Amino acid sequence: MTVHHPPADTEDGYHWQLMRRAIDRLDAPDGRDMTLEQIAAEMNLSPAHFQRLFSRYAGVSPKRFQQYLRLGHAKALLAERHTTLETALGTGMSGTGRLHDLFLRWEAMSPGDYASGGAGLTIRHGWHAGPFGPMLAMATERGLCGLAFTAETGETAAMDDLRARWPAADHRHDPAATAPHVEAALAGRGEARLHLIGAPFQIKVWEALLLVPEGHVTTYGEIARAIGRPRAVRAVGTAVGRNPVSWLIPCHRALRKSGGLGGYHWGLPVKRALLAAESAETGA
């Protein structure tokens, strides 16, 4: 997904922040039926100017974006854009090669490294502006190991959450070190590198998520079957929720069998916005 991420002190940066506010407003329970005139007035813009700006930054008109945010869209995705992960895994796409539309390179820690709680690792972190609000990024020398959206959870909770996953690591505030990883991710076709730190079962689940194309969704049950653990649906749901690298490992594309959104570690409003933005990008 192409994301516009200009500096906040430029005119483009101001407009980008304004459109983020507009998206949050449209996603509010009382905002999903707002007219163009109403949302434009709240942003202190004329309807025509707002329409042009929103379409530029979101890639789709405000009305179309509202349609993607409606609850029924998740069910429609499940019916019309549902992947078959067994097929993807069976074609040899698993492993440490290039995945996710030639976008990501990733490698997993050994089980021993995971069991040690990150002992011996230096993990640097920084705060960055993202396409769906502020982000906390964490990285080792091998790549991005943590990415959290903080608009719903708050910065303190996000920091405590990610640090607790690798309690024995040497955590250092170093936004200059994490910035290149975030920039590569936001570029959309860069060499974004991930260093996945998790238990072997979790790694399998996250690997399966990487095979779900943008604009498509899957279910917890299908993930369980794809990794050879058909009875472990609940455990799969837990592993999806423990994904430390939001958005890039697309846990937001996992839905309940009924088509319900299920949970999302960084807040359901973020999950709805992620699915809506991907649908707008792909025309799903």
Side-chain angles (χ1 to χ4, degrees), residues 77-78 81-119 121 123 138-140 142-148 161-162 164-169 181 185 192-257 260-266 271 274-275 278:
L77 277 177
L78 193 59
R81 307 280 287 179
H82 183 220
T83 64
T84 304
L85 287 180
E86 291 96 331
T87 300
L89 288 169
T91 58
M93 292 180 66
S94 61
T96 57
R98 293 169 66 87
L99 292 174
H100 202 265
D101 196 21
L102 301 181
F103 173 34
L104 297 174
R105 285 186 180 273
W106 68 274
E107 62 176 290
M109 288 186 69
S110 70
D113 287 337
Y114 170 71
S116 72
L121 276 180
I123 298 180
M138 291 190 173
T140 71
R142 300 182 191 177
L144 201 66
C145 65
L147 189 65
D161 185 319
L162 289 186
R165 298 168 189 246
W166 316 292
H181 296 286
R193 294 179 177 272
L194 302 184
H195 187 192
L196 302 189
I197 305 176
F201 179 83
Q202 293 173 327
I203 296 292
K204 286 184 178 180
V205 171
W206 302 339
E207 178 185 11
L209 287 171
L210 283 167
L211 299 177
V212 181
E214 188 173 311
H216 291 69
V217 294
T218 189
T219 64
Y220 302 122
E222 186 176 42
I223 295 172
R225 291 192 299 273
I227 65 172
R229 299 284 296 277
R231 298 173 64 89
V233 176
R234 181 170 295 183
V236 163
T238 299
V240 169
R242 293 294 293 169
N243 165 29
V245 185
S246 60
W247 180 41
L248 301 183
I249 298 177
C251 53
H252 57 279
R253 297 176 192 161
L255 306 179
R256 290 175 177 165
K257 185 178 180 180
L261 286 176
Y264 188 62
H265 196 72
W266 308 113
K271 184 172 186 173
L274 283 163
L275 289 172
E278 290 188 353

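This one's a predicted model, so the numbers in the text were calculated from it and none came from an experiment.
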First locate atom [atom1] of [X], then atom [atom2] of [Y], and finally report the distance between them rounded to the nearest 0.5 Å.
X: R253; Y: L209; atom1: CZ; atom2: CG; result: 9.0 Å
X: L248; Y: N243; atom1: CG; atom2: CG; result: 9.0 Å
X: I123; Y: H195; atom1: CD1; atom2: NE2; result: 8.5 Å
X: L210; Y: L194; atom1: CG; atom2: CG; result: 7.0 Å
X: L147; Y: H181; atom1: CG; atom2: NE2; result: 11.5 Å

Quick check: do L121 and W166 have side-chain heavy atoms less than 4.5 Å from each other? no
At their closest point, which heavy atom of A232 faces which heavy atom of F201, and how far apart are they? CB-CZ, 4.3 Å
On a heavy-atom basis, which atom in V245 and which in C145 lie closest, and how many Å separate them? CG2-O, 3.5 Å
Run the side-chain contact (heavy atoms from CB on, under 4.5 Å) test against A199 and tell me which residues pass, sequence neighbours left out. Y114, Q202
Within the side chain of W206, is there an N or O that forms a donor-acceptor pair under 3.5 Å with the backbone of A239? yes
So, R165 side chain and I197 main chain: donor-acceptor pair closer than 3.5 Å or not? no
Can you list the residues that meet the side-chain hydrogen bond (donor to acceptor under 3.5 Å, both in side chains) rule with H252, with sequence neighbours excluded? E278
